[in-house]
Amino acid sequence: MAHPLTNAQIADSLEELGDLYELDGADRHRVLAYRRAARAIRESSASVAALVGEGRARELPGIGQTLEAKIGDLLAYGEIPAAVALKQRYPAGVIALTRLPGIGPKRARALFTDLGIDSPAALRAAAAAGRLRTERGFGPKFEANVLAATAQELTGGPSRVLLPRALELGEELVAGLLDSGPPAANAQIAGSARRMVEAVGDLDLVATADDPAALADAFAALPQIEVVLQSGPAAVRARTHMGLDVDLRLARPAEHGNLLQHFTGSAQHNEALRADARARGYHVSEHGVSEEASGRLHTFAEEQGVYSLLGYRPIPPELRENRGELQAAREHGPGLPELVRERDVRGDLHCHTVASDGRAQIEEMALAAAARGYEYLAITDHSASHGFGKAVSPAQLRDQIERIHRLNSSGLGIRLLAGSEVNILPDGSLDYDDDLLGELDWVIASIHTSFRLSEQRMTERLVSAMRHPAVDAIAHPTGRLIEQRPSYALDRETLFEVAAQTGTFLEINANPLRRDLSEQDARAAAQAGVLLVVNSDAHSTEMLALLRYGIATARRGWLRAADVANTRSWEELQRMGKRGRRMPPAS
Ligand code: DGT
Ligand code: CA
Ligand code: CA
Ligand code: ZN
C-alpha cells in the first residue's frame with residue numbers, strides 16, 4: 001500500500017457508515033458500535049492500518065470480526081461496500097441534515113423520502129417558502145426552528161457587516177458628502193442600514209445636489225473610499241477600505257423623497273407596494289409615481305409624499321419588510337403600532353462590573369446610567385460557573401448586595417438594583433442557592449455552557465429556570481450570535497407560553513452581536529402575552545449606549561412601549577412580573 005490510511009481517515013469512514021445505518025433505521029446498538037469503534041481507532045497510538053496488516057485489529061477495544069472485515073475492505077478498496085450501497089440511497093446532504101440542531105436521523109429520513117429535501121440548503125429553502133408548516137409531522141414550530149437554526153446561512157454568510165460598523169461608516173460618508181466642495185443639499189443612509197437590520201450586505205446612500213457629477217467626484221475622493229467600481233451621472237458604486245461596498249444614488253432635490261423611498265426598501269416591501277399601487281392605476285419607481293390613466297408624474301422632496309399619494313400613513317423604516325405593515329398602514333386599515341423609542345426606556349436591567357468580566361466599577365456604571373436619564377440600573381455580574389472571566393462567589397455577592405444598598409442611601413441620583421446573571425446549569429438548576437437568590441432585587445438567568453443538548457432538554461432547562469420563583473427574566477434566550485452561531489435547539493412556543501404563564505420577562509439583549517430575542521421571536525413572544533425587557537448587557541460605561549440596537553430589534557418586532565417592561569418605573573415593573581404575584585395589589 002503506497003498510502004495507508006491514517007487512523008483519523010479510518011475513523012471518519014466508520015463514523016459515516018454509522019450515520020448511514022442510523023439514517024437507514026438500523027438498530028441503535030449497531031450504530032453505537034460503529035461510533036465506539038471509530039473513537040477507539042482515533043485514540044489508538046498504533047497505526048490501525050498496520051495492525052490490520054498484522055491481523056491484530058481485534059486487539060483494539062470494540063473491534064470484532066465484522067468491523068475487522070469492513071476496515072479490511074476499506075484499506076484494500078478505498079471504500080466499504082455497505083457504505084457505497086447506502087450512499088446511493090442517501091446523498092451526502094442528507095447526512096448533513098442529521099447534524100442540524102433538532103433534526104435526528106428519523107426526521108432527516110422523512111424529510112428526504114417524503115419531501116425530497118436532500119441538503120441543509122434545500123431544507124432552508126423549503127422553510128423559507130413556508131412548505132414545512134403544512135407537512136404532517138413537521139408543522140410551523142419545526143419550520144421556525146429550521147429558520148432559526150439556519151439563520152446564519154440565510155443572512156448570506158460571514159460577508160455581511162454588523163449594523164454598528166455599517167452605520168458608523170455610513171455616518172462618516174454622509175458627513176464627508178455634506179462637507180465636500182460642491183454642496184450636497186441632503187445626504188443620508190438608506191437601504192438595510194436605515195431599516196436597522198442585524199447585518200448589512202452593502203451600504204446605500206442617497207444624496208441630492210445641484211451638480212450631481214461634481215458630488216460623485218467628491219465622493220470618490222473621500223478618504224474611506226478604496227476604489228470606485230462603477231460611476232455614472234446618477235449612481236456611484238465604490239469599495240471602502242473596510243471592505244464594505246457602497247451604493248451612492250444621486251437625485252435632484254425635487255425627487256429626493258422618491259429616491260429615498262425606493263432605496264430604503266426592502267425589495268419585498270417595494271414589490272408589495274408596487275403591486276398594490278398598480279392595482280389602483282399607479283406606477284411606482286425611484287423617479288416618481290406616475291398615474292397610468294393620465295400619465296402624470298408625481299415627484300416628492302419628502303419620502304412621506306410617496307406613501308400619502310398611495311393612501312398610506314407613515315411607515316417607520318424598521319417595519320418595511322412586507323410583514324403586514326402595508327395593510328396596517330392603509331388609510332382605513334387597523335393602523336400601525338406606536339413603536340417603542342429609546343427615550344421611553346427608564347432603566348437598564350443587565351450590566352457587568354469589574355466584579356465579573358466588566359471594565360467599570362459599580363459607581364461608574366451608576367453615574368453613566370444616570371447621565372442617560374435612567375431611573376434605575378441593575379448590576380448583574382455573572383454567577384459562579386459561566387465559564388469565562390471572574391466568577392462572583394456567594395460571599396462576594398453578599399458583599400456586593402450590601403455595597404449597593406449603601407450606595408443607594410448615599411444619593412447617587414439613580415436607584416441601583418442588586419442583581420445577578422445566574423447561569424442555568426444543564427439540568428435547569430441555578431448556581432446560587434435559593435436563600436442568596438432571595439436576597440437579590442433582580443435576577444436574570446441565562447445559558448452560557450452546554451449549548452448542544454437536544455431541543456427537548458434545552459427547552460426543559462429554560463422552563464425550569466422560568467418556574468424558579470427568584471428568576472425575574474431570561475437573558476439572551478436563544479444564545480445565537482449574529483453571523484457566527486445559530487440559536488441552540490429550542491421549542492419557542494413552549495418558551496413563550498411558560499414565560500407568559502410564570503410572569504418571567506424575556507430579554508432583548510441589545511448587544512449588536514446578539515440582538516437576542518430576534519425581531520421575529522420578540523414579535524411572537526409579545527403576541528403570546530410575554531413582556532420583554534430591553535437591556536444593554538454593558539461591560540463598560542460606553543456600552544450602555546448599545547441599547548439602541550435592542551430598541552431597533554424591538555421596533556422591527558413591532559413592539560410598543562407597553563410591550564417593554566423597562567419603559568415603566570421600577571415599582572410598576574415589579575408588579576408586572578413574577579414579583580408582583582407575591583406583592584400586595586397596588587392601592
Ligand atoms: P442588503 O444590502 O442586502 O443588506 O439589503 P438592502 O435592502 O440594502 O438591499 P440592496 O442594497 O440590494 O438594495 C437597496 C434597496 O434598493 C432595497 O432595499 C430596495 C431597493 N431594491 C433593490 N433591489 C430591488 C428590486 O429588485 N426590486 C425593488 N422593488 N426594489 C429593489
Ligand atoms: Ca444595501
Ligand atoms: Ca445596494
Ligand atoms: Zn451579561
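Computed from a prediction, not measured in an experiment: that's the story for all the values here. Indexing begins at 1, ligand by ligand and atom by atom, following the structure's order.
- Taking 3.0 Å as the criterion, Asp247 does not count as a coordinating residue of the Ca ion (ligand 2), since none of its N, O or S atoms falls below it.
- Ser356 places no side-chain N or O within 3.5 Å of a backbone atom of His352 that could act as its donor or acceptor partner.
- Residue contacts with ligand 1 do not include His269, since none of its heavy atoms lies under 4.0 Å from the ligand.
- Close approach to Thr264 involves these atoms of ligand 1, each under 4.0 Å from a residue heavy atom: 18 (O).
- Interface of Gly191 with ligand 1, defined as ligand atoms under 4.0 Å from a residue heavy atom, comprises 8 (O).
- Side chain of Arg237 to backbone of Ser231: no donor-acceptor contact under 3.5 angstrom is found.
- In summary, His350 places an N/O/S atom under 2.8 Å from the Zn ion (ligand 4), meeting the contact criterion.
- Closest to the Ca ion (ligand 2) among the N, O or S atoms of Asp204 is OD2.
- At a cut-off of 3.5 Å, with distance as the only test, no side-chain donor of Asn423 or His382 sits close to an acceptor on the other residue.
- Between Asp472 and Arg579, at least one side-chain nitrogen of the basic residue sits less than 4.0 Å from a carboxylate oxygen of the acidic one, meeting the salt-bridge criterion.
- Nearest residue to atom 27 (N) of ligand 1 from Arg249, Arg194, Glu271 is Glu271 (criterion: closest heavy atom).
- Atom 7 (O) of ligand 1 has its closest protein heavy atom at Arg195 NH1, 2.9 Å.
- When Ala199, Ala272, Ala275, Ser192 are ranked by how near their heavy atoms come to atom 8 (O) of ligand 1, first place goes to Ser192.
- Between Glu321 and Arg195 there is a salt bridge, with a side-chain nitrogen of the basic residue lying less than 4.0 Å from a carboxylate oxygen of the acidic one.
- Atoms of ligand 1 lying under 4.0 Å from at least one heavy atom of Arg160, given by number and element, are 1 (P), 3 (O), 4 (O).
- Nearest protein neighbour of atom 15 (C) of ligand 1, counting heavy atoms only, is Phe263 O, 3.5 Å.
- There is no protein heavy atom less than 4.0 angstrom from atom 12 (O) of ligand 1.
- Any N or O atom pair closer than 3.5 Å counts here, and Val200 shares no such pair with ligand 1.
- Distance alone, capped at 3.5 Å, is enough to place a donor-acceptor pair between the Lys578 side chain and the Met466 backbone.
- Figure legend: Arg313 and Tyr307 shown without cation-pi pairing, the cationic atom not lying both under 6.0 angstrom from the six-membered ring centre and within 45 degrees of its axis.
- Interface of Gly265 with ligand 1, defined as ligand atoms under 4.0 Å from a residue heavy atom, comprises 17 (C), 18 (O), 19 (C).
- A salt bridge links Arg403 to Glu363: at least one charged side-chain nitrogen sits closer than 4.0 Å to a carboxylate oxygen.
- Evaluated by nearest non-hydrogen atom to atom 21 (N) of ligand 1, the leading choice among Gln268, Arg274, His262 is His262.
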For Glu303 and His256, run side-chain hydrogen bond (donor to acceptor under 3.5 Å, both in side chains): C-alpha distance rounded to whole Å, both residues' side-chain angles, the deciding distance at 0.1 Å, then the answer. CA-CA 7 Å; Glu303 183 183 58; His256 180 83; over 6 Å; no
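- The Zn ion (ligand 4) lies under 2.8 Å from an N, O or S atom belonging to His352.
- Looking from atom 24 (C) of ligand 1 to the surrounding protein, the closest heavy atom is Ala267 CB, 3.9 Å.
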Show the numbers, then the answer: is there a side-chain hydrogen bond (donor to acceptor under 3.5 Å, both in side chains) between Glu421 and Ser446? CA-CA 7 Å; Glu421 178 175 10; Ser446 59; 2.8 Å; yes
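- The shortest contact between atom 29 (N) of ligand 1 and any protein heavy atom is with Asn270 CB, 3.3 Å.
- Gln304 contributes no side-chain N or O that, together with a main-chain N or O of Glu302, makes up a donor-acceptor pair within less than 3.5 Å.
- Sorting the N, O or S atoms of Asp537 by how far they are from the Zn ion (ligand 4) puts OD1 first.
- Salt-bridge annotation for Glu198 and Arg480: present, with a side-chain N of the basic residue lying under 4.0 Å from a carboxylate O of the acidic one.
- For atom 10 (P) of ligand 1, the choice among Leu244, Asp204, Leu273 with the nearest heavy atom turns out to be Asp204.
- Of all N/O/S atoms in Asp202, OD1 sits nearest the Ca ion (ligand 2).
- Between the Zn ion (ligand 4) and the N, O or S atoms of Glu421, the shortest distance is to OE1.
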Applying side-chain hydrogen bond (donor to acceptor under 3.5 Å, both in side chains) to Asn511 and His476, what does each step give before you reach the verdict? CA-CA 10 Å; Asn511 184 309; His476 42 76; over 6 Å; no
